[in-house]
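For ligands, and for the atoms within them, numbers begin at 1 and follow the listed sequence. The analysis underlying the following values was restricted to heavy atoms, covering all of them including side chains, and did not include hydrogens, waters or symmetry mates.
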Amino acid sequence: MCSEDKGRAYKGHVLAFPYPSQGHINPMLQFSKRLASKGLRATLAITKFISTSMNPRPSALVHLDTISDGHDEGGFSQAESIHSYLSRLESAGSETLSDLILKYKETDHPVDCIIYDSFLPWALDVAKKFDLLGAVFFTQSCTVDYIYYLIHHGLLKLPIPSFPVTIPGLPSLELRDMPSFIYVAGSYPAYFEMVLHQFLNADKADQVLVNTFYKLEAEVVDTMSKACPLMTIGPTIPSIYLDKRVEDDSDYGLHLFDLDSSDITTWLETQPPRSVVYVSFGSMATLSNEQMEELAWGLHGSGQPFLWVVKASEDSKIPEKFKREITAERALLVRWSRQLEVLSSDRIGCFFSHCGWNSTIEALSIGLPMVAMPQWTDQTTDAKLVEDVWEVGVRVRVGEDGIVKREEIERCVREVMESERGKVMAENATKWKELAVEAVSEGGTTDNNINAFVTEIVLKRS
Ligand code: UDX
């Protein structure tokens, strides 16, 4: 990724090791750019499969290197189960991460610190084996992290006997506001185990980094910090959208999906300002055929133009009649977009989102109101925060059959785009954007924390 820089003097060298999925690579890559802008050498370690099958954009700031997840030919799709993938990732990953550290030991820029995804707690053992600093990086909201922390330590026992549940530091939570592993008890046990295992050894890490900003989650940051001291280092959004201090590109720089060839910018320019609903469910979610059909007709019924990311694997679920009836003036369906560029267009009025944490914090940092339609994992809790805590959006009501009906989709879009309450949501979103910019700007909470983290690495080297 980064052009060769032999002889350049760095303050230290960090090796950033994300969980190999889009929602985890993006924030880690962006955080690496921020550290590089502060004089560190930053190397992002991705899996061999990702490095050979994807086409990262060259970055002037971040180096790229590879480790193995034990599935070099096909990545996750080659694994028999989630459980077997995670265990191969741990065995092959520990070995190849160690090899990488040994490789750099022979150069003039040995690694000083491993920043590892909280989903991969075994990476701390690798860091300690080589007497390096180990910093754990939490990619999800602090609220969600704290819920998992409490469950892992037996401070919140499952099943929770009654709702709403009141926990110091957190808003009052109904069952549907809980992460999906609790909301739908017994679902995805391997993932549930993984998110709880984030806290297996977090107390032994030299630093706990969370991709949020202080004012966004102040109460839970303060509460959790008493038990597990942490640093807020977010939002990890390209600097071009925030403080503009880092020489930066307009997106993260590594898409795991082929970008759509449609000219999204030209299409957006044909639409009135603040009129377009941008619809995306992130990199992992899959919707049922029935749900896709309701979504299609609900968006159509809202009367607003919309730009909808429909991944190739989801395309066959779109009704043919709908495809025939939507016109180029009213809607554009794309396979994958440069989401940040889209969100920052003045034509976008609302983000219809699954509330993955990156999408949520991107919307807040760019100042967009949302319709929240969470699917699983942390998204249900993020949707609660969007609607009731930050008051920047409306959450869809799910029917008794588990489907969000077209009338409900239409109602939610109209509420955000046309109602008085929608105007307040947009004003609130602008306020959060200003606070996000404040956090990353010189002297802001995030900026101070990142400086303190860099100092820790420099001290370790000296
Ligand atoms: C997953 C989980 O679902 C999420 O809840 C968790 O917090 C992180 O891991 P994902 O579902 O992919 O992530 O959602 P999200 O966190 O929103 O990340 C998606 C990323 O892909 C965002 O950074 C977004 O900007 C990017 N994206 C999405 C694109 O660049 N183009 C697109 O068309 C869609």
Side-chain angles (χ1 to χ4, degrees), residues 18-31 54-57 76 82 117-120 137-145 147-148 178-181 183 187-188 191-192 194-195 198 210-212 234-238 240-241 249-262 264 278-287 306-315 332-345 348 351-366 368 370 372-386:
Y19 180 81
S21 76
Q22 188 78 67
H24 290 248
I25 290 171
N26 287 358
M28 195 75 110
L29 176 53
Q30 202 55 39
F31 185 56
M54 316 303 156
N55 201 4
R57 274 211 226 174
F76 183 74
I82 299 165
D117 195 298
S118 54
F119 284 8
L120 311 168
F137 185 102
F138 283 80
T139 56
Q140 300 186 336
S141 70
C142 192
T143 302
V144 168
D145 298 334
I147 293 172
Y148 294 144
M178 286 290 175
S180 67
F181 312 113
Y183 175 31
S187 60
Y188 296 100
Y191 277 135
F192 191 31
M194 177 173 72
V195 294
Q198 294 179 103
V210 183
N211 183 17
T212 189
T236 54
I237 308 291
I240 193 168
Y241 302 111
D249 213 338
S250 58
D251 70 12
Y252 299 99
L254 207 169
H255 292 276
L256 304 192
F257 298 83
D258 289 336
L259 285 158
D260 200 277
S261 58
S262 314
I264 296 177
Y278 173 66
V279 188
S280 166
F281 285 79
S283 64
M284 295 173 81
T286 53
L287 276 61
F306 56 96
L307 170 59
W308 185 5
V309 178
V310 180
K311 294 196 298 287
S313 53
E314 297 283 275
D315 186 61
L332 181 65
L333 269 57
V334 296
R335 292 282 161 90
W336 190 255
S337 75
R338 293 191 194 284
Q339 179 160 301
L340 284 163
E341 280 186 15
V342 170
L343 293 179
S344 63
S345 158
I348 304 292
F351 185 7
F352 195 112
S353 170
H354 70 315
C355 288
W357 182 238
N358 296 290
S359 293
T360 305
I361 204 163
E362 287 164 11
L364 288 160
S365 305
I366 287 172
L368 272 180
M370 300 171 82
M373 186 162 148
Q375 299 300 300
W376 73 307
T377 173
D378 56 335
Q379 299 154 15
T380 34
T381 312
D382 298 342
K384 159 75 180 174
L385 302 173
V386 162

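If you check the side chains of Gln22 and Asn26, you find a donor sitting under 3.5 Å from an acceptor. A donor and an acceptor atom, one from each side chain of Thr139 and Tyr19, are nowhere located under 3.5 Å apart.
For Asn211, the side-chain hydrogen bond (donor to acceptor under 3.5 Å, both in side chains) partners two or more places apart in sequence, or in a different chain, are Thr236. Phe281 pairs by the ring pair (Phe, Tyr, Trp, His ring centres under 6.0 Å) definition with nothing, not counting sequence neighbours. Judged as a salt bridge (charged side-chain N to carboxylate O under 4.0 Å, His left out), and not counting sequence neighbours, Asp258 has no contacts.
By the 6.0 Å contact criterion, OH on Tyr188 is open, its count of non-hydrogen atoms from other residues, nucleotides or ligands being 12 or less.
At a 4.0 Å heavy-atom cut-off, the residues surrounding ligand 1 are Gln22, Gly23, His24, Asn26, Gln140, Tyr252, His255, Tyr278, Ser280, Gly282, Ser283, Met284, Val309, Trp336, Ser337, Gln339, His354, Gly356, Trp357, Asn358, Ser359, Glu362, Asp378, Gln379, listed by chain and number.
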